[in-house]
Structure formats: C-alpha cells, structure tokens
Colleague: 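Let me give you the structure first, and then I'll get to my questions.
The basis for the numbers below is simple: all heavy atoms, side chains too, and nothing from hydrogens, waters or symmetry mates.
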Amino acid sequence: MKNLLIIIMLISILGCSNNDDDASLPEATQTGENTAGCLVDGEILVPKGSSLGGPRLRAFYQRDENGFHFGLIIANNSIEPQEYVNIIMNDTLVEGESYNLISQVLDKNGYTSNFGEYIVGLRPDYITTDTQVGQVTITKLDTQRKIISGTFWFDAIHFENKDVVEVRDGRFDMRYVN
C-alpha cells in the first residue's frame, strides 16, 4: 500500500507543470532554450501536460539514405482532446532560408515534402496541401551544438469537413536529437 501511495505521488508530481496557467508564447530566442509555441485560430498552443502522455515538445534533425529530415512536435496533452502541431520537413536546412509547407509526395518511397499539421485527439485532422500552405524560416542552425531555431505559420485543411485552421506566430528554439 505504501508503494502505491508513492507511485501516485510521483505521477502527480511528474504530471504537474508550473506554467500551465500562465500560457503565453515564448520569446523568439536562438540559444537552444527548448521552447516553442504558436497561435491556432488565435488561441495559444504551447507544450503543456505530463510527459507520460507522450512528448510535449520534441525536435529532430537527422540524415538517412534519403537525405535530411526535420521534425517538430508541440503538444498540449493536459486537455481532452489533446492538441498537437507537427512540422515535418524533408530538406537539407540552411540558416536564414525559408521553406514552404505544401504536402506533396516526392518519390516512390512515399516521402512527402515539407508539411504542417494540426491534430486534435490522436489522429491527424488538418494538414497543409498544395493550396493550404505555410512557411518555416530557419533563424539558427548550429549542427555542432545541435540547436535549431525558427519561425513558422501555416493554414491547414480538415480532411473531411474542409474547415481551415490558421496556425500563426509560430516559433521554436530547440536542442534537437539526431
């Protein structure tokens, strides 16, 4: 019984976040602060909730036989349904350059070009297309210290009802994994 109480206390502590009630967009820094956020239809989305529900904030920039791949996940898993903004880019990134988010299949392996998506719950509902687009600008890329920073925006359309969500004022300053 004592072990059960300790486990419950640990889950409660790990699930708490000091800034859940003070939601504001982070400053646009370039020092690897591990911050990110954006506005989704005018509402602030920043990483919140327990890491037990999956990564709240994560970035990767890696290379495989098909080239370089960048990914950014911003999740609020403190609410139901959970909300996520994901950005995937299949490009060699260059500091100071901007990249379009358009969601077009690039090759026979099914690799998709750069895209953004907004997810409510656990399935992708909104995604950029060739007509609902966006842009990511890389403001810092330090491959020695594994820091990537930038800004983003995109419009994404719902698969079924064709509603459009606007993601604006996005920014990230991350230490990435590879």
Colleague: Looking at side-chain heavy atoms only, is the closest gap between Leu39 and Asp41 below 4.5 Å?
Modeller: no
Colleague: Considering all heavy atoms of both residues, which atom of Asn76 and which atom of Val46 are nearest to each other, and what is their separation?
Modeller: CB-O, 4.0 Å
Colleague: From Arg175 CZ over to Lys146 NZ, what is the distance, rounded to the nearest 0.5 angstrom?
Modeller: 11.0 Å
Colleague: Should Val85 and Val164 be counted in the same cluster of Ile, Leu, Val, Met, Phe, Trp and Tyr side chains packed under 4.5 Å apart?
Modeller: no
Colleague: Which atom names give the shortest non-hydrogen contact between Val120 and Pro81, and what distance separates them?
Modeller: CG1-CG, 3.3 Å
Colleague: Could you tell me if Asp163 and His158 have a donor-acceptor pair between their side chains, going purely by distance under 3.5 Å?
Modeller: no
Colleague: Side chains of Asp173 and Thr35 only: does a donor on one sit below 3.5 Å from an acceptor on the other?
Modeller: no
Colleague: Is it true that Asn77 and Lys48 share a donor-acceptor pair across their side chains at a distance under 3.5 Å?
Modeller: no
Colleague: With side chain to side chain contact (heavy atoms under 4.5 Å, CB included) as the test, would you mind laying out the steps for Ile87 and Leu101 before giving the verdict?
Modeller: CA-CA 8 Å; Ile87 294 174; Leu101 301 175; 4.2 Å; yes
Colleague: Does the pair Ile74 and Tyr84 meet the rule for a side chain to side chain contact (heavy atoms under 4.5 Å, CB included), with working shown?
Modeller: CA-CA 6 Å; Ile74 305 170; Tyr84 303 85; over 6 Å; no
Colleague: If you look at every heavy atom in Ala36 and Pro47, which pair is closest and at what distance?
Modeller: O-CD, 3.2 Å
Colleague: What are the two closest heavy atoms between Ser149 and Gln30, and how far apart are they?
Modeller: OG-CA, 3.4 Å
Colleague: At what distance, to the nearest 0.5 angstrom, does CG of Asp64 lie from CG of Asn178?
Modeller: 12.0 Å
Colleague: With a 3.5 Å distance limit and no angle check, can you tell me whether Tyr99 reaches the backbone of Val94 through a side-chain donor-acceptor pair?
Modeller: yes
Colleague: Membership question, hydrophobic clusters at under 4.5 Å side-chain separation (ILVMFWY): are Ile147 and Val136 in the same one?
Modeller: no
Colleague: How long is the gap from CG on Leu45 to CG on Leu25, to the nearest 0.5 Å?
Modeller: 9.0 Å
Colleague: Tell me, which pairs form a salt bridge (charged side-chain N to carboxylate O under 4.0 Å, His left out) where one or both residues lie in residues 76-99, sequence neighbours left out?
Modeller: none
Colleague: Which distance, rounded to the nearest 0.5 Å, do you find between the CD of Glu166 and the CZ of Phe154?
Modeller: 11.5 Å
Colleague: Decide whether Ile138 and Phe68 are clustered together by the hydrophobic rule: side chain heavy atoms of Ile, Leu, Val, Met, Phe, Trp, Tyr closer than 4.5 Å, transitively.
Modeller: yes
Colleague: Do Ile157 and Val133 sit in one hydrophobic cluster, given that two such residues count as connected whenever their side-chain heavy atoms are within less than 4.5 Å of each other, even indirectly?
Modeller: no
Colleague: Hey, does the side chain of Asp130 reach the backbone of Ile102 with a donor-acceptor pair shorter than 3.5 angstrom?
Modeller: no
Colleague: Yes or no on side chain to side chain contact (heavy atoms under 4.5 Å, CB included) for His69 and Tyr61, after CA distance, side-chain angles and deciding distance?
Modeller: CA-CA 6 Å; His69 310 283; Tyr61 185 53; over 6 Å; no
Colleague: Classify the ring geometry between Tyr126 and Tyr118 as parallel (under 30°), tilted (30 to 60°) or perpendicular (over 60°).
Modeller: tilted
Colleague: Side chain of Thr129, backbone of Gln132: donor and acceptor closer than 3.5 Å?
Modeller: yes
Colleague: Run the side chain to side chain contact (heavy atoms under 4.5 Å, CB included) test on Ile127 and Phe115 for me, step by step, so that the C-alpha distance in whole Å, both residues' side-chain angles and the decisive distance to 0.1 Å come before the verdict.
Modeller: CA-CA 7 Å; Ile127 192 163; Phe115 66 94; 3.8 Å; yes
Colleague: Evaluate the side-chain proximity of Val40 to Val165: yes if any heavy-atom separation is below 4.5 Å, no if none is.
Modeller: yes
Colleague: Could you tell me whether the side chain of Arg171 and the main chain of Thr151 form a donor-acceptor pair under 3.5 Å?
Modeller: no
Colleague: To the nearest 0.5 angstrom, please state how far the SG atom of Cys38 sits from the CG atom of Asp169.
Modeller: 9.0 Å
Colleague: If you apply the rule side-chain hydrogen bond (donor to acceptor under 3.5 Å, both in side chains), what do you find for Glu27 with Thr29, and how did you get there?
Modeller: CA-CA 6 Å; Glu27 294 294 320; Thr29 56; over 6 Å; no
Colleague: Please, which pairs that meet salt bridge (charged side-chain N to carboxylate O under 4.0 Å, His left out) have at least one residue in residues 147-159, sequence neighbours excluded?
Modeller: Asp155-Arg168
Colleague: To check you understand the geometry: which heavy-atom pair defines the closest contact between Gln144 and Asp142, and what is its length?
Modeller: N-OD1, 3.0 Å
Colleague: Let me confirm one number: the CD1-CE distance from Ile73 to Met174, rounded to the nearest 0.5 Å.
Modeller: 9.5 Å
Colleague: Between Tyr176 (side chain only) and Arg58 (backbone N and O only), is there a donor and an acceptor less than 3.5 Å apart?
Modeller: no
Colleague: Let's go through Phe70 and Phe172 carefully: what are the C-alpha distance in whole Å and the side-chain angles of both, what is the deciding distance for ring pair (Phe, Tyr, Trp, His ring centres under 6.0 Å) to 0.1 Å, and is it a yes or a no?
Modeller: CA-CA 13 Å; Phe70 168 72; Phe172 57 93; 5.7 Å; yes
